[in-house]
Amino acid sequence: MQLKAQILDQAAIGRALTRIAHEILEKRKGTEGIILVGIKTRGVPLAKRLAKKIEEIEGVTVPIGELDITLYRDDLTKKDNREEPELKETNITDELKNKTVILVDDVLYTGRTVRAAMDAIMDVGRPATIQLAVLVDRGHRELPIRADYVGKNIPTSQEEVIVVKLEEIDQKDDVSIYEK
């Protein structure tokens with residue numbers, strides 16, 4: 001793949017997350033009854049960053065969960081050509097009943113990851129509502145899913161790939177677009 005352009009640097013990612021935090025607080029009229037659930041892998045550190053920004057703004061700690069959607073995907077990820085998929089841990093300790101779950105992910109593309117995440121959430125508990133916050137929405141939906149909170153809309157072609165790097169996983173913050 002060839003680098004086409006850097007879309008967001010560390011500062012721009014921070015600004016996007018600050019804006020999303022303010023939008024969540026405005027739309028929800030505060031923090032009452034919300035839980036941020038990061039979709040593994042990069043949704044988890046984004047959810048933690050959003051929670052930190054919300055705490056800085058409101059002075060309230062918002063619960064955070066981690067969601068593994070591996071078994072809910074229609075394209076199971078396999079490691080080293082083994083038959084069983086590679087599983088990661090789901091960690092949601094707060095009760096979801098009557099809460100607003102805000103799923104957090106890095107890139108919204110076809111919508112299949114979000115569909116799998118909604119199925120996984122419903123197996124954990126029955127929230128009042130599920131909303132979606134993404135750092136990047138690149139279009140090309142295959143399912144009728146849209147984000148409630150978007151850091152940046154980046155229209156792409158099918159031949160382009162959005163690569164999100166986060167400090168917690170990749171040792172740097174960067175969102176770039178590559179061409180196949």
Side-chain angles (χ1 to χ4, degrees), residues 7-8 12-73 88-154 162 164-169 173 175:
I7 306 299
L8 301 172
I13 290 171
R15 286 190 299 273
L17 292 174
T18 298
R19 188 176 63 259
I20 290 171
H22 280 285
E23 288 175 5
I24 289 169
L25 293 169
E26 185 176 325
K27 186 171 186 175
R28 300 290 314 147
K29 297 179 176 60
T31 60
E32 185 66 33
I34 68 171
I35 177 170
L36 300 174
V37 177
I39 300 172
K40 293 200 173 183
T41 298
R42 284 172 183 77
V44 173
L46 289 172
K48 290 177 181 177
R49 290 185 193 189
L50 272 174
K52 185 177 179 189
K53 294 211 179 265
I54 289 170
E55 187 171 4
E56 290 169 2
I57 297 164
E58 290 286 303
V60 176
T61 302
V62 176
I64 304 168
E66 300 179 9
L67 187 64
D68 177 23
I69 62 162
T70 304
L71 293 178
Y72 296 87
R73 292 194 59 92
K88 303 170 188 101
E89 184 181 357
T90 290
N91 182 10
I92 300 175
T93 57
D94 288 70
E95 173 69 35
L96 299 183
K97 186 177 181 182
N98 298 322
K99 298 273 180 80
T100 294
V101 170
I102 300 176
L103 292 171
V104 182
D105 205 8
D106 56 350
V107 178
L108 176 56
Y109 181 32
T110 63
R112 293 183 179 280
T113 296
V114 177
R115 188 226 27 102
M118 289 190 297
D119 288 348
I121 284 291
M122 296 309 274
D123 280 352
V124 172
R126 175 106 170 55
T129 58
I130 299 174
Q131 296 181 339
L132 177 62
V134 296
L135 182 60
V136 175
D137 183 345
R138 65 169 287 189
H140 303 287
R141 226 63 89 238
E142 294 175 3
L143 301 172
I145 290 174
R146 67 163 180 78
D148 299 278
Y149 313 100
V150 178
K152 182 139 179 99
N153 285 293
I154 304 172
I162 299 287
V164 174
K165 293 182 180 177
L166 298 175
E167 182 74 34
E168 298 87 339
I169 297 164
D173 281 351
V175 178

Point to revise | Nearest-0.5 Å distance that lies between atom CD in Glu167 and atom NZ in Lys165 | key: 12.0 Å
Review point. Rounded to the nearest 0.5 Å, how far apart are CZ of Arg138 and OH of Tyr109?
Key: 4.5 Å
Check your understanding: Can you name the closest pair of heavy atoms from Ile64 and Ala51 and give their distance?
Key -> CD1-CB, 3.4 Å
Practice item. Would you name the heavy atoms of Ile7 and Ile154 that are closest together and state the gap between them? Key: CG2-CD1, 3.0 Å
Exercise for review: Find the distance between CG (Leu36) and CD1 (Ile92) and round it off to the nearest 0.5 Å.
Suggested key: 11.5 Å
Check your understanding: Got a second to check how far Ile35's CD1 is from Thr31's OG1, nearest 0.5 Å?
Key -> 12.5 Å
Revision key, fill the gap. Rounded to the nearest 0.5 Å, the CD1 atom of Ile57 sits from the CG atom of Leu25 at a distance of 5.5 Å
Review point. Do Arg73 and Thr113 have side-chain heavy atoms sitting under 4.5 Å apart?
Key: yes
**Study point:** Atom of Leu67, atom of Leu103 and distance for their closest heavy-atom approach
**Key:** CD2-CD2, 4.0 Å
Check your understanding: Do any N or O atoms from the side chain of Arg42 and from the backbone of Val164 form a donor-acceptor pair under 3.5 angstrom?
Key -> yes
Practice item. Please indicate whether Glu26 has more than 12 foreign heavy atoms, meaning atoms of other residues, nucleotides or ligands, lying under 6.0 Å from its CD. Key: no
Point to revise | Sidechain N-carboxylate O distance under 4.0 Å for Arg49, Glu168 | key: yes
Exercise for review: Check whether any side-chain N or O of Asn91 sits under 3.5 Å from a backbone N or O of Glu66 as a donor-acceptor pair, and report yes or no.
Suggested key: no
Study note, to complete from the structure: Nearest heavy-atom approach of Ala120 to Ile69 is CB-CG2, 4.4 Å
Check your understanding: When rounded to the nearest 0.5 angstrom, what is the spacing between CG in Asp148 and CZ in Arg28?
Key -> 10.0 Å
Check your understanding: Knowing that exactly one of Val107, Leu166, Asp106, Ile13 qualifies, which makes a side chain to side chain contact (heavy atoms under 4.5 Å, CB included) with Val175?
Key -> Ile13
Study note, to complete from the structure: Taken in chain and number order and not counting sequence neighbours, the residues that satisfy side chain to side chain contact (heavy atoms under 4.5 Å, CB included) with Glu142 are Thr110, Arg112
When the side chains of residues 121-137 are checked against the rest of the protein, which donor-acceptor pairs come out under 3.5 Å, sequence neighbours left out?
unit_1	atom_1	unit_2	atom_2	d
Asp123	OD2	Tyr72	OH	2.6
Thr129	OG1	Thr100	OG1	3.0
Gln131	OE1	Tyr149	OH	2.7
Asp137	OD1	Gly139	N	3.0
Asp137	OD1	Arg141	NH1	3.2
Asp137	OD1	Arg141	NH2	2.9
Asp137	OD2	Arg141	NH2	2.8

Point to revise | Heavy-atom pair with the smallest gap, counting every atom of Lys97 and Glu95 | key: CB-OE2, 3.1 Å
Acceptor/donor pairs from residues 14-22 side chains to any protein atom, 3.5 angstrom cut, sequence neighbours excluded:
unit_1	atom_1	unit_2	atom_2	d
Thr18	OG1	Gly14	O	2.9
Thr18	OG1	Lys53	NZ	3.1
Arg19	NH2	Gly151	O	2.2

